[in-house]
Amino acid sequence: ADEKARLESRIKAVLKEKDAVLVAHYYTDPDIQRLAEETGGCVADSLEMARFGNQHPASTVVVAGVRFMGETAKILNPEKRVLMPTLEATCSLDIGCPADEFQAFCDEHSDRTVVVYANTSAAVKARADWVVTSSCAQAIVEDLDSRGEKILWAPDKHLGHYVQKTTGADMLLWDGSCIVHEEFKHRGLEDLKALYPNAAVLVHPESPDAVVEMADVIGSTSQLIHAVQTLPNQEFIVATDNGIFYKMQQLAPNKTLIEAPTAGNGATCRSCAQCPWMAMNGLENLLSVIEKGDQEVLVDAEIREAALKPLRRMLDFTA
Ligand code: 13P
Ligand code: SF4
């Protein structure tokens with residue numbers, strides 16, 4: 001406990017010293033989320049993270065999350081230094097969508113408007129017409145569909161299916177998925193729902209279709225947190241990374257939160273949902289990167305310029 005307190009107070013001091021602000025995702029360790037809140041940074045979903053880094057005056061943005069979040073911060077803020085506790089924190093959606101294969105796919109279907117999920121590399125975004133996150137995907141696709149556009153969607157097939165079903169848009173889907181959300185099991189969820197019949201089921205749309213179909217609320221991390229605060233239910237079954245429980249419990253201390261059943265990922269915990277890449281963010285590597293300034297996110301200038309356009313479109317659309 002002493003060591004943790006020492007690390008936390010050092011991090012607070014060094015953030016100030018280096019004119020740096022900490023932006024954390026809801027899936028990171030609660031200690032990191034708390035630090036971000038206590039130091040004037042923010043804890044947010046991926047869309048809000050992008051917006052915050054873009055608006056804050058600090059000259060260094062420290063992104064606790066996964067690689068694509070750091071890259072997005074850099075693309076939107078090329079004049080700032082963007083650091084991450086470790087550049088190795090990636091995402092299975094990003095890994096499953098290599099830029100060269102993706103570009104070839106786009107070339108084969110050049111009549112389609114290219115919409116990519118934020119969970120992709122800068123090089124993939126550079127080829128896109130639009131970037132979306134789970135909080136705005138539906139609204140953006142609906143708008144494109146209403147203008148008669150046919151869509152090429154990458155990389156998350158589950159989110160893609162969900163958006164296709166709710167909007168009726170013509171969407172060609174890339175075959176990618178999130179290794180964390182893919183583990184949620186609808187059979188187990190049915191059993192749990194039988195035990196807690198009054199619980200509202202909250203599901204992140206990266207989950208398999210059968211799980212999404214059982215949801216009372218489907219949304220981004222921020223939208224699921226909002227649901228816990230606003231729905232009248234006393235109990236909630238939550239199908240997303242369990243890092244989200246910190247904020248849910250903080251904002252709705254009297255509600256009962258239950259983890260949706262998974263097969264686990266084996267790497268960080270055996271029977272719960274936890275992203276192994278988000279879990280790479282810790283107090284020690286956070287302090288180290290702020291002190292040393294290594295693990296800096298850099299994006300090639302040409303790629304950056306091309307990726308900025310679809311990202312800006314998303315921010316303008318959701319403004
Ligand atoms: P949100 O945009 O909902 O924060 O999701 C990001 C993510 O990586 C979900 O797995
Ligand atoms: Fe990627 Fe899934 Fe981890 Fe989110 S939870 S960062 S989608 S691997």
Side-chain angles (χ1 to χ4, degrees), residues 23-29 33 36 42-53 63-73 84-97 116-121 124-125 131-140 154-160 162-163 174 176-184 202-208 211-212 215 217-228 238-248 259-260 262-269 272-281 311 314-315 318:
V23 184
H25 189 264
Y26 290 123
Y27 293 165
T28 55
D29 190 292
Q33 296 188 45
C42 89
V43 186
D45 73 2
S46 46
L47 177 63
E48 296 158 350
M49 281 176 86
R51 209 182 286 289
F52 184 86
V63 178
V66 294
R67 185 67 188 251
F68 79 82
M69 294 168 176
E71 284 187 349
T72 294
M84 296 187 72
T86 168
L87 295 178
E88 289 183 10
T90 181
C91 165
S92 63
L93 288 164
D94 188 345
I95 294 170
C97 190
V116 303
Y117 194 30
N119 301 36
T120 46
S121 64
V124 164
K125 290 187 178 77
V131 173
V132 300
T133 75
S134 57
S135 66
C136 59
Q138 209 175 324
I140 288 176
D156 189 285
K157 64 178 173 193
H158 296 304
L159 178 58
Y162 168 66
V163 172
W174 183 268
S177 62
C178 160
I179 57 159
V180 180
H181 290 85
E182 187 134 87
E183 291 300 329
F184 288 111
L202 311 182
V203 175
H204 196 283
E206 290 167 9
S207 308
V211 172
V212 168
V217 177
I218 301 152
S220 75
T221 48
S222 285
Q223 290 165 342
L224 299 184
I225 291 165
H226 183 72
V228 170
V238 183
T240 195
D241 181 290
N242 66 4
I244 203 170
F245 286 92
Y246 164 69
K247 182 51 77 182
M248 285 182 169
E259 294 189 39
T262 71
N265 63 41
T268 48
C269 56
C272 66
Q274 197 176 76
C275 175
W277 295 293
M278 289 283 182
M280 287 179 172
N281 295 275
L311 267 170
M314 170 179 78
L315 293 183
T318 54

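For ligands, and for the atoms within them, numbers begin at 1 and follow the listed sequence.
With ligand atoms numbered from 1 in the order given, ligand 1 contributes 7 (C), 9 (C), 10 (O) to contacts under 4.0 Å with heavy atoms of Y27. Those atoms of ligand 1 that come under 4.0 Å of a heavy atom in T221, given as number and element, are 1 (P), 3 (O), 4 (O).
In this structure, the side chain of Q33 engages the main chain of T28 through a donor-acceptor pair within 3.5 Å. A distance-only check finds no donor-acceptor pair linking the side chain of T72 to the backbone of M69 [under 3.5 Å]. Within the 3.5 Å criterion, the main-chain N or O of G96 finds a donor-acceptor partner in the side chain of W174. Within the 3.5 Å criterion, the main-chain N or O of S177 finds a donor-acceptor partner in the side chain of S92. Side-chain N or O atoms of N281 include one that pairs as donor or acceptor with a backbone N or O of G65 at under 3.5 Å.
No N or O atom of T133 sits closer than 3.5 Å to an N or O atom of ligand 1. In terms of polar-atom proximity, S220 is not counted as a contact of ligand 1, lacking any N or O under 3.5 Å from an N or O of the ligand. Polar contact with ligand 1: absent for D45 (N/O pair, distance under 3.5 Å).
A heavy-atom separation below 4.0 Å is found between S134 and ligand 1. Residue-ligand proximity: N119 is placed with a non-hydrogen atom under 4.0 Å from ligand 1. Using 4.0 Å as the threshold, Y26 has no heavy atom nearer than that to any atom of ligand 1. Look at M49 and you'll find every heavy atom at least 4.0 Å from all atoms of ligand 1. Residue M278 places no heavy atom under 4.0 Å from ligand 1.
In terms of protein heavy-atom proximity, atom 5 (O) of ligand 1 is closest to H204 NE2, 3.4 Å. The protein atom (non-hydrogen) at minimum distance from atom 2 (O) of ligand 1 is S46 OG, 2.4 Å. Closest protein heavy atom to atom 10 (O) of ligand 1: E206 OE1, 2.8 Å.
Closest of all the heavy-atom pairs between F184 and S207 is CD1-OG, 3.9 Å.
In this structure, CG on L159 lies 9.0 Å from CG on N119, to the nearest 0.5 angstrom. Taken to the nearest 0.5 Å, the NE2 atom of H158 stands 4.0 Å off from the CD atom of E182. Rounding to the nearest 0.5 Å gives a distance of 10.5 Å between OH of Y246 and CG of D29.
Distances from atom 1 (Fe) of ligand 2 under 2.8 Å pick out these protein N/O/S atoms: C91 SG.
With respect to T240, the side chain to side chain donor-acceptor pair (under 3.5 Å) criterion is satisfied by exactly one of E206, H181, H204, E259: H181.
Partners of S220 according to the side-chain contact (heavy atoms from CB on, under 4.5 Å) rule, which considers only residues two or more places apart in sequence or in another chain, are D45, S134, S135, S222, Q223.
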